[in-house]
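Each chain gets a letter, A, B and so on, in the order the sequences are listed, and its residues count up from 1.
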Number of protein chains: 2
Amino acid sequence: MTNSQSIENYLKVIFNQAIATDDVNTTSIAQALEVSLPSVNSMVKKLAGMGLLEYEKYKPLKITAKGRKMAAMIIRKHRLTEMYLVEKMGFGWEEVHEIAEQLEHIQSVAFFDRMDEILGFPERDPHGSPIPNSSGEFATQKFRLLSDCQPNELVTLKALSKTTDEFLKYLNSKGLALGVEVEILKVEAYDKNMKVAYGGKTEVLSALVCSKLLVS
Amino acid sequence: MTNSQSIENYLKVIFNQAIATDDVNTTSIAQALEVSLPSVNSMVKKLAGMGLLEYEKYKPLKITAKGRKMAAMIIRKHRLTEMYLVEKMGFGWEEVHEIAEQLEHIQSVAFFDRMDEILGFPERDPHGSPIPNSSGEFATQKFRLLSDCQPNELVTLKALSKTTDEFLKYLNSKGLALGVEVEILKVEAYDKNMKVAYGGKTEVLSALVCSKLLVS
DNA sequence: TTAAATAGTTAGATTTGACTAACAAATTTA
DNA sequence: TAAATTTGTTAGTCAAATCTAACTATTTAA
C-alpha cells in the first residue's frame with residue numbers, strides 16, 4: 001500500500017491546519033495526532049518524499065497541490081460518511097464523527113461515489129462543513145461567527161466550527177440545529193453573553209458557544 | 001488495539017477452515033492469506049496467547065469458543081455489509097466482496113447493528129451464506145449441492161459455495177440468481193454435465209458450476 | 001542583545017507483522 | 001521400513017510507525 005491510515009491521518013491534520021495559516025508547524029501536528037515530535041518529523045520527511053509536502057529543515061511545512069488533493073479526498077470520504085450516517089441511517093450528528101474517522105480510510109472509491117449519488121451530491125456535511133467533490137474541489141463560502149453579530153440582527157445557523165460531541169449534545173438540548181433562524185436581542189458588554197430568540201423562545205448563549213456558531 | 005486487521009484476517013480464515021474440518025493446518029492458512037509459513041506460525045502463537053486458539057507444536061490447530069465467537073463477529077460484519085451494499089446501495093452481488101473485506105474491520109458495533117436493523121435482521125447474505133446474529137449464532141441449515149441431484153428433481157437455488165467475482169458474473173450472464181427454480185433434465189454420465197431448465201429456458205451447466213450451487 | 005524558552009532534529013530502541021534460510025517432525029510412498 | 005516428500009518450526013532480518021533521550025536552531029523576553 002502506498003497510503004496507510006497513518007499517512008492519511010497526518011495528511012488530514014496538515015491540510016486542516018494549512019487552511020487556517022498556510023504554513024504548518026510540526027508541534028501542532030504532534031498535538032493534533034497525540035504523537036511525539038520525532039514521530040511527526042520522520043513522517044513529514046516521508047510525506048515530503050512522496051511529494052505531498054515541501055520540507056526544509058527548521059522551515060515551516062507547506063502542503064503541495066498533490067498533498068492538498070489527496071487530503072481533500074480523505075475529507076470527502078469523512079464528510080460524505082457523516083452525511084450518509086445522519087441522512088440514511090438515522091444517526092444523530094453527535095454520533096457520527098467517530099464512525100467516520102474509521103470509514104474515511106476505506107479505499108473503495110465506488111463506495112463513496114455511491115453514497116454521494118444516493119445523497120444527491122450534498123455540498124455540506126451535517127455540521128455544515130463543505131464536502132469536496134470527486135475532483136477535490138469544495139465550497140469556500142465563509143460564514144460569520146455569531147459572536148461577531150450585533151443586536152437586532154436576524155441570522156440563520158449555517159455551520160459549526162471546532163465541534164465536539166459534547167458541544168453537539170449541548171446544541172441538541174437547546175434545540176439549536178442548522179437552518180434555525182436566530183434573532184440577537186442583546187449582547188452583554190461585560191462577558192459577551194448573547195440573549196437570542198429562536199423557535200419561539202429566548203435563550204442566553206455564552207461567548208464560548210457563540211464563537212462556535214457560524215451564521216449568515 | 002488488541003485486535004488488528006491482521007489478527008482479524010487470520011481468525012476469519014481459521015474459522016472458515018474449522019467449519020469444514022474442525023482441525024486446521026498451518027499450510028492452508030498460509031495459502032488462504034498468501035503469507036509465508038513462518039508468518040502463520042508466529043501469528044498462531046500470538047492467537048493462542050490471546051486464548052483464541054489451542055496450539056501445540058506439530059499438532060493440528062483448534063479454534064477455541066472465544067476464537068469462534070470473535071470470528072463470527074467479523075463474519076457478521078462482512079456479510080451484513082454485503083447485504084447492505086446490495087439491498088440498500090444498489091451494488092451487484094459480484095461487486096461487494098472487496099468492499100466488505102475492508103468494512104469488516106470497522107470497530108463501531110452501532111454501525112453494523114444499525115445496518116442489521118435497517119435490513120430487517122437478515123439471516124443470509126446476498127450469496128446465501130448465513131449471517132451470525134449479534135450473539136454470534138447463525139443458521140446451520142445445510143443445502144445440497146446441485147451436482148448431487150438427480151434427473152427430474154425440481155430444486156431452488158439457495159446459496160453458493162466458494163464464489164469468486166468471475167463465477168458471479170457467469171451466473172449473471174446465465175440468469176441464475178438465488179431463488180430461481182431449476183429442473184434437472186439430464187445428467188451426462190461421462191462428464192456430469194447437467195442439462196437443466198429454469199426461467200423458461202434450458203441450459204447445460206458444467207460439473208464445476210454444479211458443484212458450487214447449493215439448492216434445496 | 002544575550003539568556004531562557006520553544007521548536008525542530010538526530011540517534012537509537014521498540015513493536016508488529018512480514019520475510020528467507022535452515023532445520024526438524026510427520027506423513028507418504030516405493 | 002527406509003527414503004522422499006510434505007508440513008511445521010526456529011533463528012534472524014526488515015520495514016513501518018512509534019517512542020525517549022540528547023542535541024541544535026530559532027524565537028521571545030529580560
Heavy atoms only, 4.0 Å cut-off, all strands: where does A:Ser42 land among base, sugar-phosphate and nothing? base
Side chain of B:Thr26 (C-beta onward), nearest among D:dA17, C:dG17, D:dT9: D:dT9
Return the value, rounded to whole Å, for the distance between atom CE of A:Met43 and atom P of C:dT9. 15 Å
From the set D:dT18, C:dG17, D:dA17, return the single nucleotide nearest to any side-chain atom of B:Lys46. C:dG17
Atom-pair distance (CD on A:Gln5; P on D:dA17), nearest Å: 11 Å
When you measure from the side chain of A:Pro38, which nucleotide among C:dT9, C:dA18, D:dA17 comes out closest? C:dT9
So does B:Met89 get a backbone contact from the side chain of A:Arg114, meaning a donor-acceptor N/O pair under 3.5 Å? yes
Within the side chain of A:Gln107, is there an N or O that forms a donor-acceptor pair under 3.5 Å with the backbone of A:His105? yes
For D:dA17, does OP1 or OP2 lie under 4.0 Å from any side-chain N or O of A:Ser39? no
Between C1' of D:dG8 and OH of B:Tyr58, the distance in whole Å: 5 Å
Tell me whether the side-chain N/O atoms of A:Asn41 come closer than 4.0 Å to OP1 or OP2 in C:dT9. yes
Between side-chain atoms of residues 131-145 of chain A and protein atoms elsewhere (two or more places apart, or another chain), which donor-acceptor pairs fall under 3.5 Å?
| unit_1 | atom_1 | unit_2 | atom_2 | d |
| --- | --- | --- | --- | --- |
| A:Asn133 | OD1 | A:Ser135 | N | 2.8 |
| A:Asn133 | OD1 | A:Gly136 | N | 3.1 |
| A:Asn133 | OD1 | A:Glu137 | N | 3.1 |
| A:Asn133 | ND2 | A:Glu137 | OE1 | 3.3 |
| A:Arg144 | NH1 | A:Glu153 | OE1 | 2.8 |
| A:Arg144 | NH2 | A:Glu153 | OE1 | 3.1 |
| A:Arg144 | NH2 | A:Glu153 | OE2 | 3.0 |

Among D:dA17, D:dT9, C:dA18, the nucleotide that comes nearest once only the side chain of B:Leu37 is considered: D:dT9
In whole angstrom, what separates B:Leu11's CG from C:dG17's P? 13 Å
Within this structure, what is the CD-to-C1' distance between A:Glu8 and D:dA17, rounded to whole angstrom? 15 Å
Can you tell me the distance, in whole Å, between the NZ atom of A:Lys59 and the C1' atom of D:dT26? 12 Å
Rounded distance in Å - CG (B:Asn25) to P (C:dA26): 15 Å
Among the nucleotides C:dC19, C:dT10, D:dT9, whichever has the atom closest to the side chain of B:Lys57 is D:dT9
At under 4.0 Å between heavy atoms, what does B:Lys45 touch on the DNA or RNA strands: base, sugar-phosphate, or nothing? sugar-phosphate
Between C:dG17 (C1') and B:Leu33 (CG): distance, integer Å: 12 Å
Could you work out which one of D:dA16, C:dA18, D:dT18 sits closest to the side chain of B:Val35? C:dA18
Check: A:Ala159 main-chain N/O paired with A:His127 side-chain donor or acceptor under 3.5 Å: no
Please check this pair: side chain of B:Lys66 against backbone of B:Met50, looking for a donor-acceptor N/O pair closer than 3.5 Å. yes
Should A:Glu166 and A:Lys169 count as an ion pair when the cut-off is N to O under 4.0 Å? yes
Has B:Ser6 got a side-chain N or O lying under 4.0 Å from the OP1 or OP2 atom of C:dT16? no
Between A:Tyr10 and D:dA16, is there a contact of a side-chain N or O with OP1 or OP2 at under 4.0 Å? no
Does D:dT18 have OP1 or OP2 sitting under 4.0 Å from an N or O in the side chain of A:Ser36? no
